[in-house]
Structure formats: structure tokens, C-alpha cells
Trainee: 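Sharing a structure below in C-alpha cells format, with a few things to ask.
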Amino acid sequence: MNKENKEKQKSEKMSKNDSQKIMVDPWGNSLIEDYSRLIREFGMQEFDLSIMPNPNAQMRRGVIFGGQDLKIIAEAIKTKKKFYCLTGIMPSAEKIHLGTESIIQQVKYYQDNGAETYVLIADVEAQATRGISLTEGKRRALNFYIPAYIALGLDPKKTKFYFQSENKKVSNLAAICSQKITENEFRAIYGSVHPSKVMSAFTQMGDILHPQLKNTMPGIIPIGIDQAPHIRMSRDIARRLKNEYGFFLPSASYNKYTSSLDGSFKMSKNEQTGKIEIPEKDRKELEKKLKKTLTGGRATMNEQKQKGGEVEKCVAYEYCKNHFIKEDKILKQMRDECVSGKNLCGECKQKYLIKHAFEFYDEFDKKFENAKKIVGKIKFEE
Ligand code: TRP
């Protein structure tokens, strides 16, 4: 853990104290401890499961904890009106981590429910904030990100993929958006006016709003809450451009962070340790990592047999709930056997975590190989 991370983690811990402000930094990596406070302070809405038609597993299981204007999206689904779903990712590594999988499941849900779907490669942002060249970003996207997204469930025929650097509508709209915010407003939202952040944030505004240039319509942006500042600014800007462009304010749904193996951090693309990635080619290594996950085990075997495990603290359970176990019935069984003291943590990991993780990765590997064959046929938006 480097010094900066330690500082950040400390400030998150302090955020329990109501006099401290919670920091949400799109380019940082601390865990959030109090989601309901976040909802209050950021003017978000709690995710209301009852309004969503056929909610997916992650919605039902509370991985999606909040949002913005989700009613209008639920209505569009129910009444079969036009709406769009858009998300993006920086090609900042050769792999993705589990947290990203949750976002793709959300996009898949909206796509299956009629959304015009956009997935962008944030190569301009990766260049500006991480120094990754556009050529390298493109290579990674074609070799890995795009086939991985297809393998995770997106329908390539129904998804409009594009690169930020190649989409003129996006960069032109970014320039228009940059006129609608003052320096002080930008600083209040992002905590900084660093030029590379300004560059990336306005490009992201172009991303989020550009599907409405052709047709104004509601849009849903599924993201990790670290991206909440972008939603805030895009809504302010959409409001200010309403007269000229008729934009709907973008809606959003927020995922909880995925914990690192030891439960202390948000899993992050930048951290070298403590993360489970996609893919995990070496199953032995994967098994070793999974065995290290923090559990809610008690101090002694006897205590655990008597009181049962503390399932809410268990990262192994979190991974199964959020990613690896699709069937509610099996997840419930895992939970019951934990809290009743039937299984000790080692047994439980073998029976549930490792077994279902292996199934997940076997399926991914197979679908990824197929998806790679069709990447060459994709026509990117320009
Ligand atoms: N900033 C996002 C990231 O860090 C990527 C991104 C760019 C994005 N444009 C977007 C996400 C629009 C959602 C919507 O990976």
C-alpha cells in the first residue's frame, strides 16, 4: 500500500464522522464505508428495485445501491420508448477486474430491455491521465476489452462501440460543454482543475450526451460511484443546454465498489495486488488468491460452530454474490451454511467460491475465443 493510498483510506475512515466530507474521486481508489450517507450528500436516489422490470441478479442483491432519475428509464422500458445506455472504460491495463464485470451486467440488462447501447474506449482519457498512447489503447481494446465485453454478454450486433479519439461528434460536443461550466464549479465537483482532468472530464461529457444529438431521449449511464462527479456535471450541463438541444438529463445507476481480497480497498485497475482479474488464465494462481480472501470467520472453530460466520464481512461471499454464483438458490445455501456454523471458511471456499469461480472463468475463456473472431467485423462510430 503506498503512502497516498494510506492517506486516502484514512480520510475515508474519518468520513464516518459527519463533520468530514466524503470524497469521491474518479481517479482515486478508496473504499466507501457508508453508502446511505453518500446518497444523502450527493443528492443521489436510493436504487428502488420495485420500479425496475425483471431486475437482474446484481440489482436484486444490492450491488446497485443508488442512481439518478431511474424512473424515467423504468418507464421507457415498460412503455417501449426509445432510450440509450452508455458506458466506457479506459484501456489502462491488459485485463479488467471484477468490478468492471458488474458494469457490463448492467449494460447487458438495459440492452436486453431495449436500450440503444454505446460502449466507448476512453483512449483520450487514458492518454491524458495515464500517458497511454492512442495506438497502445487501440491495441488493447481490439485484443482484449472489446472481445471481453462481448464474452461477458454484450450483443455485438446491438452495441455501438467507438474510440473517444475517433468520434468527432464527441469531441465537438465536449467543446460545447466546456463553455457551460466555470472554473469554480469544476473545482467544486472534482476537487481539482488539473488540465488532464479537465480534458478527460469534458470528453466524458461529450460521450454521455452525444447519443442525444440525433434523437433526444433518456439515457442511462451504469458506472461505479467513483464516476459520480461526471454524472453531476453532465446533468448540470444538459440542463444549461436544454433550450438549444432539448437534452434529457442523463440518468445513472451506481455500483458498489468491489473489495480487494483483504477487504481493505476498492479493487482497482492500478493496484498490483489484492485483485481478481478477468481473465485468470493460471487456475492454480487463481485458487491461491481465492484462498486468501478475507472471511467472516470467528477466532476459533468452536466459536464458529456455535455462532456461525459473519457473512456480511466475508469477501468470498461478496465475490460469489456479486459475480460468480448466478442462482439465488445456491447463494442462499452458501449463506445459510455460513451463518448456521455448518461450514468452516476453508470448506466453504472450496465448495462455493473456488468451484463457481472456476465455472465462471471456463465459460469466459470459451466465449472470449469466439468473440475475438468477430472483432474484425465491428464498425466503429466516427
Ligand atoms: N472515466 C471512465 C473510466 O475511468 C471511462 C469513461 C469515459 C466513461 N467516458 C465515459 C464511463 C462515459 C461512463 C460514461 O474508466
Side-chain angles (χ1 to χ4, degrees), residues 56-58 60-63 89 93-109 143-154 255-263 265-269 271-297 309 311-339 342-373:
N56 71 9
Q58 298 188 333
R60 294 195 307 273
R61 296 174 188 178
V63 186
I89 189 164
E94 299 281 347
K95 295 174 167 190
I96 50 179
H97 65 80
L98 276 185
T100 312
E101 193 259 345
S102 305
I103 306 287
I104 299 309
Q105 291 316 318
Q106 294 315 298
V107 177
K108 179 173 163 43
Y109 166 84
N143 283 343
F144 177 67
Y145 286 83
I146 294 170
Y149 279 19
I150 295 170
L152 291 173
L154 295 191
N255 277 38
K256 280 188 185 166
Y257 286 148
T258 301
S259 311
S260 57
L261 293 175
D262 66 0
F265 271 109
K266 149 191 171 191
M267 208 183 264
S268 151
K269 285 169 279 194
E271 280 286 311
Q272 286 317 303
T273 54
K275 63 181 169 186
I276 305 279
E277 293 175 305
I278 301 176
E280 289 280 356
K281 288 249 166 66
D282 184 339
R283 298 290 198 268
K284 283 232 164 72
E285 273 305 306
L286 172 64
E287 184 166 352
K288 250 200 236 158
K289 283 200 274 185
L290 292 173
K291 281 185 173 157
K292 276 194 222 151
T293 46
L294 175 83
T295 67
V311 74
E312 297 309 334
K313 289 189 184 161
C314 179
V315 174
Y317 180 71
E318 179 194 321
Y319 290 172
C320 286
K321 175 168 73 110
N322 298 4
H323 307 283
F324 298 139
I325 297 188
K326 304 276 177 259
E327 275 182 62
D328 290 348
K329 209 177 77 197
I330 298 181
L331 187 72
K332 183 172 180 300
Q333 208 175 308
M334 176 183 186
R335 188 193 175 89
D336 289 348
E337 290 175 8
C338 167
V339 297
K342 179 167 184 284
N343 284 337
L344 294 178
C345 298
E347 294 166 68
C348 175
K349 278 185 182 169
Q350 210 66 52
K351 184 168 171 191
Y352 292 103
L353 178 65
I354 294 168
K355 172 169 186 275
H356 291 278
F358 276 34
E359 282 173 13
F360 173 91
Y361 284 102
D362 287 349
E363 189 185 333
F364 177 83
D365 290 351
K366 213 166 62 203
K367 290 191 171 161
F368 182 78
E369 285 312 312
N370 287 333
K372 262 171 91 171
K373 293 181 199 140

Trainee: Using atom types as modelled and distance alone, determine if a side-chain donor or acceptor of Lys351 lies under 3.5 Å from a backbone N or O of Asn343.
Mentor: no
Trainee: Between Ile276 and Leu261, is the side chain to side chain contact (heavy atoms under 4.5 Å, CB included) condition met? List the steps.
Mentor: CA-CA 8 Å; Ile276 305 279; Leu261 293 175; 3.6 Å; yes
Trainee: Shortest non-hydrogen contact from Phe144 to Pro279?
Mentor: CE1-CD, 3.5 Å
Trainee: At what distance, to the nearest 0.5 angstrom, does CD of Glu312 lie from OH of Tyr317?
Mentor: 6.5 Å
Trainee: What is the minimum heavy-atom distance between Gln105 and Leu152, and which atoms define it?
Mentor: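 So the minimum-distance heavy-atom pair works out to NE2-O, 3.3 Å.
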Trainee: I'd like to know whether NZ of Lys332 has more than 12 heavy-atom contacts from other residues, nucleotides or ligands below 6.0 angstrom.
Mentor: no
Trainee: Salt bridge (Lys or Arg N to Asp or Glu O under 4.0 Å) between Lys288 and Glu285: does it pass, once the steps are laid out?
Mentor: CA-CA 5 Å; Lys288 250 200 236 158; Glu285 273 305 306; 3.2 Å; yes
Trainee: Kindly give the heavy-atom pair with the smallest separation between Asp365 and Arg283, and that separation in Å.
Mentor: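 Closest pair (atom of Asp365, atom of Arg283, distance): OD2-NH2, 3.0 Å.
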Trainee: Which atoms form the tightest heavy-atom contact between Pro147 and Ala371, and what is the distance?
Mentor: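 Taking Pro147 first and Ala371 second, the nearest heavy atoms are O-CB, 3.4 Å.
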Trainee: With Arg61 as reference, evaluate Asn322, Asn56, Asp328 under the side-chain hydrogen bond (donor to acceptor under 3.5 Å, both in side chains) test and give the passing residue.
Mentor: Asp328
Trainee: If every non-hydrogen atom of His356 is compared with every non-hydrogen atom of Ile330, which pair is closest and at what distance?
Mentor: NE2-CG2, 3.8 Å
Trainee: Under the criterion side chain to side chain contact (heavy atoms under 4.5 Å, CB included), I'd like the reasoning laid out for Leu286 against Asp282: C-alpha separation, chi angles, the key distance, then a yes or no.
Mentor: CA-CA 6 Å; Leu286 172 64; Asp282 184 339; over 6 Å; no
Trainee: Might you confirm whether atom NZ of Lys289 has over 12 heavy atoms from other residues, nucleotides or ligands at distances under 6.0 Å?
Mentor: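 Counting neighbours around NZ of Lys289, more than 12 heavy atoms of other residues, nucleotides or ligands fall under 6.0 Å, so yes.
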Trainee: Could you go through His323 and Ser102, starting from their C-alpha distance and side-chain angles, then the distance that decides it, and tell me whether this counts as side chain to side chain contact (heavy atoms under 4.5 Å, CB included)?
Mentor: CA-CA 7 Å; His323 307 283; Ser102 305; 3.2 Å; yes
Trainee: Quick test of your reading of the model: are Lys313 and Glu318 salt-bridged, counting only N-O distances below 4.0 Å?
Mentor: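 A salt bridge is absent here (no side-chain N lies under 4.0 Å from a carboxylate O).
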Trainee: Can you tell me how far CD of Glu363 sits from CZ of Phe358, rounded to the nearest 0.5 angstrom?
Mentor: 15.5 Å
Trainee: Using a strict 4.0 Å threshold on nitrogen-to-oxygen distance, state whether Lys355 and Glu359 make a salt bridge.
Mentor: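 Glu359 and Lys355: salt-bridged.
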Trainee: side-chain contact (heavy atoms from CB on, under 4.5 Å) with Thr295: which of Cys338, Cys348, Cys314?
Mentor: Cys314
Trainee: Mind listing the closest non-hydrogen atom pair of Leu290 and Leu353 along with its distance?
Mentor: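 Heavy atoms only, the tightest pair is O-CD2, 3.6 Å.
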Trainee: Hey, is NZ on Lys321 packed in by over 12 heavy atoms from elsewhere, all under 6.0 Å?
Mentor: yes
Trainee: How far does SG of Cys320 sit from NZ of Lys349, to the nearest 0.5 angstrom?
Mentor: 10.5 Å
Trainee: Do any N or O atoms from the side chain of Glu280 and from the backbone of Glu277 form a donor-acceptor pair under 3.5 angstrom?
Mentor: yes
Trainee: Going from NZ on Lys372 to CG on Asn143, what distance comes out if it is rounded to the nearest 0.5 angstrom?
Mentor: 6.5 Å
Trainee: Parallel, tilted or perpendicular: which describes the rings of Tyr149 and Tyr145, with under 30° parallel and over 60° perpendicular?
Mentor: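 Perpendicular.
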Trainee: Evaluate the side-chain proximity of His97 to Ile278: yes if any heavy-atom separation is below 4.5 Å, no if none is.
Mentor: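 Result no, sub-4.5 Å side-chain heavy-atom pair not found.
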Trainee: Indicate the ring-plane relationship of Phe324 and Tyr319, choosing parallel, tilted or perpendicular according to the 30° and 60° boundaries.
Mentor: perpendicular
Trainee: Any non-hydrogen side-chain atom of Ile89 less than 4.5 Å from a side-chain atom of Ile96?
Mentor: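 In contact.
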Trainee: Check Lys342 with Asp336, please: is the shortest side-chain N to carboxylate O separation under 4.0 Å?
Mentor: no
Trainee: Answer with yes or no whether the side chains of Gln58 and Tyr109 bring together a donor and an acceptor at under 3.5 Å.
Mentor: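 Per modelled atom types, Tyr109 and Gln58 side chains form no pair under 3.5 Å.
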Trainee: Return the CD1 to OG1 distance between Ile354 and Thr293, rounded to the nearest 0.5 Å.
Mentor: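 That separation rounds to 8.0 Å.
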